[in-house]
Asks: 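Sharing a structure below in C-alpha cells format, with a few things to ask.
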Amino acid sequence: MGDLKQILVVKFKEGVIVEEIVKGIKKMVSDIEAVKSFEWGHDIGSNEMLTQGYTHVFTMTFRNSDDHAAYMGHPSHVAFATTFREAVEKRMLFSFPAVVVKG
C-alpha cells in the first residue's frame, strides 16, 4: 500500500483572515513528525456551480494509517482543530490510501 492522503475542502466564514489560519496549520504540521507533506491552495475562479461555495483545499500525506492516527491524536492537532472548526462555514474531508497511476 502507498501513502495515505487526507484532503480537506473548505469554505471559510465571512471575515475570517485565511492567512492566519494557514499560518496556524503550517505551524501545526511542522510540529507533527507523522505528517509527511502538506499542500494547500485556493480556487482561482472555477464555475461557482462546480465549487458549491468551497474556496480552499488542504492536502496532507502520511506514510501509513498509523501515522495518520498519530496525527489525529497529536496534541497540536487537537488544540488547533477547535480554532479551525470555528473559522469554517462548511467542509468536506476525505482520507484514503493513494493509488499512484503516474509518479
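We count residues from 1, following the sequence as given.
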Asks: Kindly compute the distance separating NE2 (His56) from CG (Leu8), expressed to the nearest 0.5 Å.
Replies: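 One finds 11.5 Å between NE2 of His56 and CG of Leu8.
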Asks: Would Thr55 and Lys11 count as a side-chain hydrogen bond (donor to acceptor under 3.5 Å, both in side chains) if you check the C-alpha gap in whole Å, the side-chain angles of each, and the deciding distance to 0.1 Å?
Replies: CA-CA 5 Å; Thr55 57; Lys11 176 182 180 183; over 6 Å; no
Asks: Measuring from Phe80:CZ to Arg85:CZ, what's the distance to the nearest 0.5 Å?
Replies: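 Rounded to the nearest 0.5 Å, the CZ-CZ separation comes to 11.0 Å.
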Asks: Nearest 0.5 Å, what's the NZ-CD distance between Lys5 and Glu39?
Replies: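 The CD atom of Glu39 is 6.5 Å from NZ of Lys5, to the nearest 0.5 Å.
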Asks: Would you say that Tyr71 contacts Met28 through its side chain, given a criterion of any heavy-atom pair below 4.5 Å between the two side chains?
Replies: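 Side-chain contact under 4.5 Å: yes.
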Asks: Would you mind checking if Lys36 and Asp3 are paired as a salt bridge, meaning a charged N to carboxylate O distance below 4.0 Å?
Replies: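 Yes, charged N to carboxylate O under 4.0 Å.
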Asks: Measure from NZ or CZ of Lys90 to the centre of the six-membered ring of Tyr54 and say whether it is under 6.0 Å with the direction within 45° of the ring axis.
Replies: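 Yes.
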Asks: Which residue in the set Asp67, Ile32, Leu4, Val29 passes side chain to side chain contact (heavy atoms under 4.5 Å, CB included) when paired with Met60?
Replies: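 Result for side chain to side chain contact (heavy atoms under 4.5 Å, CB included) with Met60: Val29.
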Asks: Nearest 0.5 Å, please: how far is NE2 in His77 from CD1 in Ile25?
Replies: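 So the CD1 of Ile25 and the NE2 of His77 are separated by 9.5 Å.
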Asks: State whether the number of non-hydrogen atoms from other residues, nucleotides or ligands found under 6.0 Å of Leu93 atom CG is greater than 12.
Replies: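 More than 12 within 6.0 Å, yes.
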Asks: Just to verify, what does Glu33 make a side-chain contact (heavy atoms from CB on, under 4.5 Å) with, not counting sequence neighbours?
Replies: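 Once residues adjacent in sequence are excluded, Glu33 has no partner under the side-chain contact (heavy atoms from CB on, under 4.5 Å) criterion.
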Asks: Just to verify, what does Lys13 make a salt bridge (charged side-chain N to carboxylate O under 4.0 Å, His left out) with, not counting sequence neighbours?
Replies: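 Not a single residue meets the salt bridge (charged side-chain N to carboxylate O under 4.0 Å, His left out) criterion with Lys13.
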Asks: If I take atom CZ from residue Phe62 and atom CE from residue Met72, how far apart are they, to the nearest 0.5 angstrom?
Replies: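 Spacing of CZ (Phe62) from CE (Met72) equals 8.0 Å.
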